[in-house]
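Here is how names work: the chains are called A, B, and so on, in the same order as the sequence lines, proteins then strands, and each is numbered from 1.
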Protein chains: 4
Amino acid sequence: MPKETFLNLAEAKRESFLEAAFHEFARNEYRAASVSRIVAKLGIAKGSVYQYFADKKDLYAYLLELAATRKQAWMVKKQGASSATPSFFARHRNLILASVDFDLRNPNYSLLMVNAMKESPGTEAGLVVSSIGHLTLDFLRALVQEGRSTGELRDDIDELLVAQLVNAASLSVGSYMEAKYGFSIVERLGKAEASLPFGDKDLEKAVDELVELLQHGIRKPGR
Amino acid sequence: MPKETFLNLAEAKRESFLEAAFHEFARNEYRAASVSRIVAKLGIAKGSVYQYFADKKDLYAYLLELAATRKQAWMVKKQGASSATPSFFARHRNLILASVDFDLRNPNYSLLMVNAMKESPGTEAGLVVSSIGHLTLDFLRALVQEGRSTGELRDDIDELLVAQLVNAASLSVGSYMEAKYGFSIVERLGKAEASLPFGDKDLEKAVDELVELLQHGIRKPGR
Amino acid sequence: MPKETFLNLAEAKRESFLEAAFHEFARNEYRAASVSRIVAKLGIAKGSVYQYFADKKDLYAYLLELAATRKQAWMVKKQGASSATPSFFARHRNLILASVDFDLRNPNYSLLMVNAMKESPGTEAGLVVSSIGHLTLDFLRALVQEGRSTGELRDDIDELLVAQLVNAASLSVGSYMEAKYGFSIVERLGKAEASLPFGDKDLEKAVDELVELLQHGIRKPGR
Amino acid sequence: MPKETFLNLAEAKRESFLEAAFHEFARNEYRAASVSRIVAKLGIAKGSVYQYFADKKDLYAYLLELAATRKQAWMVKKQGASSATPSFFARHRNLILASVDFDLRNPNYSLLMVNAMKESPGTEAGLVVSSIGHLTLDFLRALVQEGRSTGELRDDIDELLVAQLVNAASLSVGSYMEAKYGFSIVERLGKAEASLPFGDKDLEKAVDELVELLQHGIRKPGR
DNA sequence: TATGAATGAGTCTTCATTCAT
DNA sequence: GATGAATGAAGACTCATTCAT
């Protein structure tokens with residue numbers, strides 16, 4: 001929903017604007033985020049923002065949409081890599097992996113969305129977010145339905161509940177890695193591209209274990 | 001940390017003050033919450049707030065503490081009801097049940113804490129919160145350790161990951177009920193004591209199913 | 001101008017109140033001085049102040065009057081000591097000495113008055129002060145007149161100007177001692193009765209030199 | 001230290017802003033001076049002040065600097081007029097004259113500085129001022145040193161004390177003129193450019209007499 | 001198209017003063 | 001005579017938004 005003015009901007013300028021905006025909204029929730037700080041950082045006039053976007057909310061909505069779009073693109077690309085349609089669990093594993101990977105690599109985007117989720121529904125910002133909110137869940141729900149129809153997933157439990165659990169599980173990987181390797185995504189924001197304190201293999205292992213837990217449960221077998 | 005002045009207040013007045021304050025901080029995160037709105041709603045002088053509390057942060061901290069304390073008291077009471085120390089899963093079920101039950105019955109408290117968890121670390125409000133943050137997870141971790149030592153839980157997966165999953169699962173019940181019964185906890189805030197669109201039995205059923213999923217996994221058995 | 005209530009107070013209570021009040025007004029000019037801080041320090045109710053005095057201004061005026069009275073009493077006592085009526089210069093020397101001595105020994109009082117002198121005329125506080133303002137000058141003027149009539153002082157220069165100079169000279173001794181001995185009266189306030197970094201003899205010497213300068217001028221003789 | 005915004009302002013607007021600000025800070029010491037009053041008088045928005053200056057302190061510091069700079073420029077100009085380097089006393093006379101003249105003609109500036117000197121050290125405003133504080137005295141001290149080395153000034157008295165006396169003497173001219181001609185600098189502030197109740201000659205005469213007193217003392221000669 | 005000064009509602013906070021108990 | 005909760009005006013400051021240039 002940016003104005004034409006913004007889309008006509010030279011790409012370099014447009015991108016540097018977006019970068020500064022993401023920076024601001026990733027670190028501060030909607031109310032606390034400051035348009036003034038964005039323009040100060042960029043050294044442009046305050047009025048410009050309002051020639052690019054209708055208002056703060058409009059800018060915020062665009063950033064959210066952009067983050068979502070870019071993440072989706074990344075997911076599709078990663079998914080495409082895993083050619084044939086494997087089992088539900090294999091696909092789910094890859095989904096989680098791709099998602100967490102993206103978030104860890106793009107803290108500006110993921111923190112923006114985390115902040116977004118927090119926006120109290122009903123507030124200006126919350127309204128913008130709520131639509132995006134159910135997208136993921138709907139997608140997972142469809143995936144679960146498919147898993148059921150192929151007989152991979154148990155069908156004695158409400159499918160919605162399964163989807164919620166699967167969703168919650170995915171979201172917990174990030175905090176798990178933070179806790180396990182003792183770092184903070186938020187704090188990494190300030191630093192210039194500090195590398196993650198673990199390798200790809202470590203992340204894969206965590207995801208595999210999580211999928212294993214989801215598959216077979218946390219109860220010790222044989223009891 | 002309220003001042004004497006507040007504690008000396010007539011109970012009715014004190015409670016109505018707290019109610020208004022909870023109302024405000026449940027709907028708005030720290031920065032967005034407005035002291036002015038609280039006093040306007042109560043019809044008292046702005047100065048009064050500062051005779052009760054040192055400042056906005058002080059008030060916020062007190063509300064957090066109060067919500068935590070009251071929830072804890074509720075949990076203890078519910079736990080006490082389930083006499084002997086049963087299996088890990090039974091205890092976990094009861095925990096989730098009590099917790100979700102409290103949150104649904106006291107949206108003011110639970111939303112305050114949800115908002116609190118969101119406070120960006122490093123901000124004024126975030127500092128107040130951070131201490132409370134890891135309490136739940138630490139508690140669950142201890143519970144998981146115990147479950148392992150009694151042989152109920154599998155011990156081939158990182159205990160921290162198990163705790164994270166268990167935690168994430170608990171948190172998902174609320175949204176599950178919202179989605180399933182098509183209502184919104186936040187929106188119920190405004191209304192005077194609207195009853196929940198489901199009975200105790202429904203909630204218990206959901207929790208039981210969730211625990212079942214956690215125990216045995218989502219995979220269809222016999223495959 | 002305190003109310004009866006204050007005068008009826010037990011002496012100990014009355015004095016401790018005054019001490020706290022002096023403390024506050026010596027360190028802060030009228031506007032910045034805080035009634036709240038006084039009562040907080042004393043641990044009494046805020047309302048009490050308004051049963052002792054009509055308002056802040058009334059309290060302030062009383063403190064000023066008290067400080068002036070007490071200084072005057074001290075001056076009289078010191079003057080009385082120097083029995084017979086000596087020369088103008090001897091008397092002037094003793095006046096300065098007694099005055100500076102009092103100020104250095106009673107920073108609470110003298111700083112109150114210094115603060116008072118600063119109050120912009122026309123303001124609430126300024127009005128209270130202005131009357132006191134001319135007292136000293138009038139006194140000096142009379143002294144100068146006497147010195148002239150006895151033939152001690154030159155009478156070719158406007159008597160008012162002489163009085164002004166004499167007054168200005170007296171006032172400069174304090175800052176001179178501060179600069180020379182590298183200390184600050186204001187800062188001494190906080191410390192518990194720290195002794196002055198110079199002896200009585202040093203102060204007398206300074207005053208003697210000043211009087212000598214006033215008498216014979218700063219020009220090198222014989223030129 | 002004003003922001004660009006202020007410097008870019010149309011001169012008329014900038015000057016009227018400064019006038020209002022000087023007006024306010026000349027009549028009220030830092031704490032009592034009110035930004036709100038300034039904008040009310042100017043009929044501009046409160047926010048504007050904060051687009052011109054970082055905060056109240058910043059504005060205050062700028063006013064101080066401006067007053068000091070303008071006075072200094074005036075002094076230099078006046079000093080330049082008195083060609084060759086004459087005797088200490090001639091130079092001192094001219095200094096006093098220029099200084100008092102400036103102060104009487106620019107009460108807004110001089111009262112601001114008088115107010116500034118009063119700021120309690122240690123307070124926000126005091127810190128801003130303290131640096132400027134000793135400048136005059138240091139300057140006079142150097143002057144005195146020079147007078148001694150040329151043999152004009154007596155060297156049997158502490159040079160610092162002489163400087164203090166000289167300083168105190170200069171400062172007393174203003175009040176002398178006020179008392180003698182029965183007017184009040186402060187009260188002239190309100191009125192539009194009211195002329196002084198005495199001529200240049202009168203002022204010169206007063207200064208000359210003062211210098212004479214300083215030179216030869218107040219004692220009647222031949223006794 | 002870009003600018004950036006102007007706006008003014010809104011923020012938290014302080015404080016002297018009042019008055020019912 | 002003492003209390004201390006209530007008051008509300010006033011303070012400095014922030015910020016998204018507008019609009020003339």
Discussion item. Can you tell me if B/E19 has over 12 outside heavy atoms packed within less than 6.0 Å of its CD?
Written reply: no
Item to complete: Report the relative orientation of the aromatic rings in B/F25 and B/Y60; use parallel for angles under 30°, tilted for 30 to 60°, perpendicular for over 60°.
Response: tilted
Worksheet item: Does some side-chain heavy atom of D/S16 sit less than 4.5 Å from a side-chain heavy atom of D/L42?
Response: yes
Fill in: Interatomic distance, D/E4 CD vs E/dA6 P [rounded to whole Å]
14 Å
Worksheet item: With respect to the side chain of C/L9, which nucleotide from F/dA16, F/dA2, E/dA6 is positioned closest?
Response: F/dA2
Worksheet item: F/dG4 C1' sits how many Å from B/L7 CG, rounded?
Response: 14 Å
Item to complete: May I have the distance from C/N28 (atom CG) to E/dT14 (atom C1'), rounded to whole angstrom?
Response: 14 Å
Fill in: Residues within residues 35-46 of chain A bordering DNA chain E, heavy-atom distance below 4.0 Å
A/A45, A/K46
Worksheet item: How close or far is atom C1' of E/dA2 from atom CG of D/N8, stated in whole angstroms?
Response: 15 Å
Response to the item:
Heavy-atom nearest nucleotide on DNA chain F taken for C/R31 and for A/A33; more 5' hit belongs to C/R31
Worksheet item: Over how many whole Å does the gap from B/L59 atom CG to E/dC12 atom C1' extend?
Response: 12 Å
Worksheet item: To the nearest Å, how far apart are A/Y52 OH and F/dA16 P?
Response: 17 Å
Worksheet item: Are the side chain of A/T69 and the backbone of A/E65 linked by a donor-acceptor contact shorter than 3.5 Å?
Response: yes
Discussion item. Using heavy-atom distances to pick each residue's nearest nucleotide on DNA chain F, tell me which of B/K13 and A/K56 is more 5'.
Written reply: B/K13
Worksheet item: Taking only N and O in the side chain of A/S48, is any of them less than 4.0 Å away from OP1 or OP2 of E/dA2?
Response: no
Practice prompt. Return each pair, listed once, that meets side chain to side chain donor-acceptor pair (under 3.5 Å) where at least one residue sits in residues 35-47 of chain D; pairs must be two or more places apart or across chains.
Written response: D/H23-D/K41, D/E24-D/R37, D/S36-D/K46
Discussion item. Using modelled atom types and a 3.5 Å cut-off, is there a donor and acceptor pairing between side-chain atoms of B/N115 and backbone atoms of B/A26?
Written reply: yes
Practice prompt. Could you label the plane-to-plane angle of the C/Y52 and C/F17 rings as parallel, tilted or perpendicular, counting under 30° as parallel and over 60° as perpendicular?
Written response: perpendicular
Worksheet entry | Intra- and inter-strand pairs of DNA chain E in dot-bracket (Watson-Crick or G-U wobble, both distances under 3.5 Å; | for another strand) | .||||||||||||||||||||
Discussion item. Looking at D/R14, I'd like to know if its CZ atom is crowded, meaning that more than 12 non-hydrogen atoms belonging to other residues, nucleotides or ligands lie closer than 6.0 Å.
Written reply: yes
Worksheet item: Quick one: is F/dA5 close enough that its OP1 or OP2 comes under 4.0 Å of any side-chain N or O from B/K3?
Response: no
Worksheet item: Starting at CZ of D/F6 and ending at C1' of E/dG4, how long is that distance when rounded to a whole Å?
Response: 16 Å
Discussion item. Looking at F/dG4, I'd like to know if its phosphate oxygens (OP1 or OP2) sit under 4.0 Å from a side-chain N or O belonging to B/T5.
Written reply: no
Worksheet item: Rounded to whole angstroms, how far apart are OH on B/Y50 and C1' on E/dT17?
Response: 20 Å
Item to complete: Look only at the side chain of D/K56 and the backbone of D/S34, and say whether a donor-acceptor pair between them is shorter than 3.5 Å.
Response: no
